[in-house]
Number of protein chains: 2
Amino acid sequence: MTPRRREPLSRDRVVASALALVELHGVEALSMRKLAAELGVEAMSLYNHVANKDDVLDAIAEVVFADVALPPPTADWRVDARALADAFRAAALAHPRTASLSLARQLGYPAVPVTEAALDVLARAGFDPEQAVHASRTLLAYVIGTLLREIGSGPPDETREPALVATGLPRVAEAARHLAVCHHEAEYRFGLDLVLDALALRAVGAAGGPSAR
Amino acid sequence: MTPRRREPLSRDRVVASALALVELHGVEALSMRKLAAELGVEAMSLYNHVANKDDVLDAIAEVVFADVALPPPTADWRVDARALADAFRAAALAHPRTASLSLARQLGYPAVPVTEAALDVLARAGFDPEQAVHASRTLLAYVIGTLLREIGSGPPDETREPALVATGLPRVAEAARHLAVCHHEAEYRFGLDLVLDALALRAVGAAGGPSAR
DNA sequence: ACCTGAACACCGTTCAAGT
DNA sequence: ACCTGAACACCGTTCAAGT
C-alpha cells in the first residue's frame with residue numbers, strides 16, 4: 001500500500017508500452033484493449049492521454065527516430081555521411097517490427113535533427129542549401145528503401161533458387177544463385193557506396209560553380 | 001432472370017473487388033464483410049476462394065506489379081534503365097492507396113519479369129550477373145524509397161516552413177524554403193540521375209576487368 | 001481531472017448445416 | 001462443391017456516470 005501503488009498514466013507511458021507491445025507481438029497485434037490491460041487500466045482511460053489508436057501509432061514512429069545517435073562530425077564528409085546513414089539504419093533496426101510504421105509515415109519533427117545533420121554533411125561536401133536538400137532526400141530514400149527490403153524479407157528459403165531457375169527467364173535463371181539470397185549488410189553497403197560516389201561527383205560539380213550541369 | 005443472374009465467385013473476382021475497395025477507401029477500410037457485400041455474397045463465402053484476409057492483401061500487392069508495362073529495349077542501357085524505373089513508378093502510382101501493401105511486402109513472383117528486365121539492362125551496361133543483382137537492388141531500393149515518400153506525403157502545408165525555421169537548427173532554417181515543399185517528380189528524377197551516373201561509373205569499371213576496386 | 005461500466009457498431013474466422 | 005446462419009472471441013470509440 002505505498003502511496004504510488006500504481007504509476008499515474010501519461011502519454012509517454014502509454015506510448016512506451018505500445019512500442020514494447022509492437023516489438024513483442026507485431027503491429028497487427030496491438031489493440032487499445034490489450035494496451036490498457038498491459039498498463040493495468042481500462043481501455044477507455046487511454047483516451048485521456050492519446051487522441052485515438054492512430055495517434056498512438058504516430059507516436060511510436062516518432063520515438064524510433066528520436067533515438068538516432070547522431071555521429072560527431074569529422075574532417076571527411078564522406079565518413080560522416082556514411083556514419084549518419086549507419087546511425088539511421090541502426091535506429092530502424094533497433095525496432096524492426098515498427099518499421100512499417102516508422103518508415104512508411106512521414107518522418108516527424110523528432111527526426112529534424114537527422115535532417116540538420118544530413119544538410120550539414122552535404123554543405124561541407126560543397127552543396128548549396130537547395131542542392132543539399134535534394135541530395136539528402138536521395139540518400140534517405142535509398143536507405144529507407146533498403147531498410148524496407150531488409151525488414152520485410154523472411155528467413156532464408158531453399159525453394160527460391162529452383163523457383164527462379166524454373167521461370168525460364170534467361171537473366172533471372174543465370175543470376176538465380178545471387179537473387180535467391182540477400183546479405184543485407186553487404187547489400188546496403190554496396191548501394192550506399194554507390195550513392196556516396198555519385199554525391200561526391202555532384203559536390204565537385206557544384207563547387208565548380210552554381211547549378212553545374 | 002438471365003441464366004447468369006450473378007457471376008460465380010472466383011479468387012480473381014475477390015481480389016479485383018478488394019483492390020477496387022482499397023483504391024476507393026484505403027486499406028484500413030477493407031473488411032472481409034464489406035468485400036463480401038460488394039460481391040453480393042456473405043462474408044463466409046469468401047473463404048472458399050481465399051485463405052484469409054492476409055491472403056487477399058498479398059494478392060492485391062501482386063496485382064499491382066503484374067501491371068508494370070515493360071519498355072522495349074533500345075540501344076542505350078541508360079535510357080532503358082530510366083524507362084524501367086519510370087514504368088515501375090507508374091505502376092505504383094496507378095494504385096497509390098495500395099502502396100503500403102505493394103511496397104512493404106516482398107515483391108512476389110509476378111514481379112519477376114521486372115527483375116529480368118532490370119538484369120538485362122544492367123548486363124548490357126557491362127555488369128556481370130552477380131554485380132547486376134546488387135546494382136538492380138540498389139536501383140529498386142532508391143525507387144521504392146522515393147515512392148514511399150511520395151505516397152506518404154500529405155497535401156502542401158503552409159505551416160511547415162515557419163515550423164522548420166523555428167527549430168533554430170541552422171542548416172534546417174537556412175533550407176526551410178526547400179524542405180517545406182517536395183516536387184515529387186523532379187525529386188525522383190534528381191536521385192535517379194544520380195544513381196544512374198554512379199551505375200555508369202561502376203559498369204565501366206566492371207567492363208575493365210572482373211571485380212574492379 | 002481522471003477513470004470506468006455499459007453500450008454501439010463493428011471485426012475475422014469456425015463450424016455445422018443447408019443446397 | 002459452394003454458400004450460409006449462427007456463433008465466438010474479439011475490435012475502436014462514445015457517453016454518461018462515478019470519484
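Letters go in sequence order (proteins before strands), and every chain restarts at 1. Computed from a predicted structure; not experimentally measured.
The pair B:Asp58-B:Lys53 fails the salt-bridge criterion, with no side-chain N (NZ, NE, NH1 or NH2) lying under 4.0 Å from an Asp/Glu carboxylate O. Salt bridge A:Arg124/A:Asp120: present, at least one basic N to carboxylate O contact under 4.0 Å. Using a cutoff of 4.0 Å between basic side-chain nitrogens and carboxylate oxygens, B:Asp55 and B:Arg11 are scored as salt-bridged. In summary, A:Arg105 and A:Asp54 engage in a salt bridge, as defined by a charged side-chain N under 4.0 Å from a carboxylate O.
Taking 4.0 angstrom as the limit, A:Ser45 places none of its side-chain polar atoms (N or O) nearer than this to OP1 or OP2 of C:dC2.
Geometrically, B:Arg202 does not engage B:Phe127 in a cation-pi contact defined by less than 6.0 Å to the ring centre and at most 45° from the axis.
In this structure, the CG atom of B:Leu35 is 13 Å from the P atom of D:dC3, given to the nearest Å. Straight-line distance from the CD atom of A:Glu42 to the C1' atom of C:dT4: 6 Å, rounded to whole Å. Here C:dA1 presents its P atom at 11 Å from CG of A:Asn48, a figure rounded to the nearest Å.
A heavy-atom distance below 4.0 Å to DNA chain C is reached by none of the residues of residues 16-28 of chain B.
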Listing time: all N or O pairs from protein to nucleotides 16-19 of chain D that are below 3.5 Å?
none

At a cut-off of 3.5 Å, list every protein nitrogen or oxygen paired with a nitrogen or oxygen from nucleotides 12-15 of chain C, distance to 0.1 Å.
from   : atom 1 : to      : atom 2 : distance (Å)
C:dG12 : OP1    : B:Met32 : N      : 2.9
C:dG12 : OP1    : B:Lys53 : NZ     : 3.2
C:dG12 : OP2    : B:Met32 : N      : 2.9
C:dG12 : OP2    : B:Arg33 : N      : 3.4
C:dG12 : N7     : B:Arg33 : NH1    : 2.4
C:dG12 : O6     : B:Arg33 : NH1    : 2.9
C:dT13 : OP2    : B:Tyr47 : OH     : 2.7
C:dT13 : OP2    : B:Lys53 : N      : 2.9
C:dT13 : O5'    : B:Tyr47 : OH     : 3.3

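Side chain of A:Glu62 to main chain of A:Gly108: no donor-acceptor pair is present (N/O by atom type, distance under 3.5 Å, no hydrogens or angles).
Defined by atom type and a distance below 3.5 Å, a donor-acceptor pair is present between the side-chain atoms of B:Thr159 and B:Asp157. Side-chain contact of A:His95 with A:Ser102: a donor-acceptor pair under 3.5 Å is absent, judged by distance alone.
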Requested in this report: Evaluate side-chain hydrogen bond (donor to acceptor under 3.5 Å, both in side chains) for A:Ser10 paired with A:His49, printing each intermediate quantity in order.
Outcome: CA-CA 6 Å; A:Ser10 70; A:His49 300 94; over 6 Å; no

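Nucleotides C:dA9 and D:dC10 place their P atoms 22 Å apart, quoted to the nearest Å. The same atom, C1', is picked in C:dC3 and in D:dA16; the two are 13 Å apart, to the nearest Å.
Within the 4.5 Å cutoff, side-chain heavy atoms of A:Trp77 are placed close to those of A:Leu199. In this structure, the side chains of A:Val133 and A:Thr115 stay at 4.5 Å or more apart for every pair of heavy atoms.
Taking the side chain to side chain donor-acceptor pair (under 3.5 Å) definition, one finds that A:Arg137 meets it with B:Glu187, sequence neighbours left out.
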Query raised in the report: Starting at the 5' end of DNA chain C, what dot-bracket string do you get if Watson-Crick and G-U pairs under 3.5 Å are bracketed, crossing pairs use [ ], other-strand pairs use | and unpaired bases use dots?
Result: ||.|||||...|||||.||

In residues 36-46 of chain B, what donor-acceptor pairs under 3.5 Å come from side-chain atoms, sequence neighbours left out?
from    : atom 1 : to      : atom 2 : distance (Å)
B:Ser45 : OG     : B:Glu42 : O      : 3.2

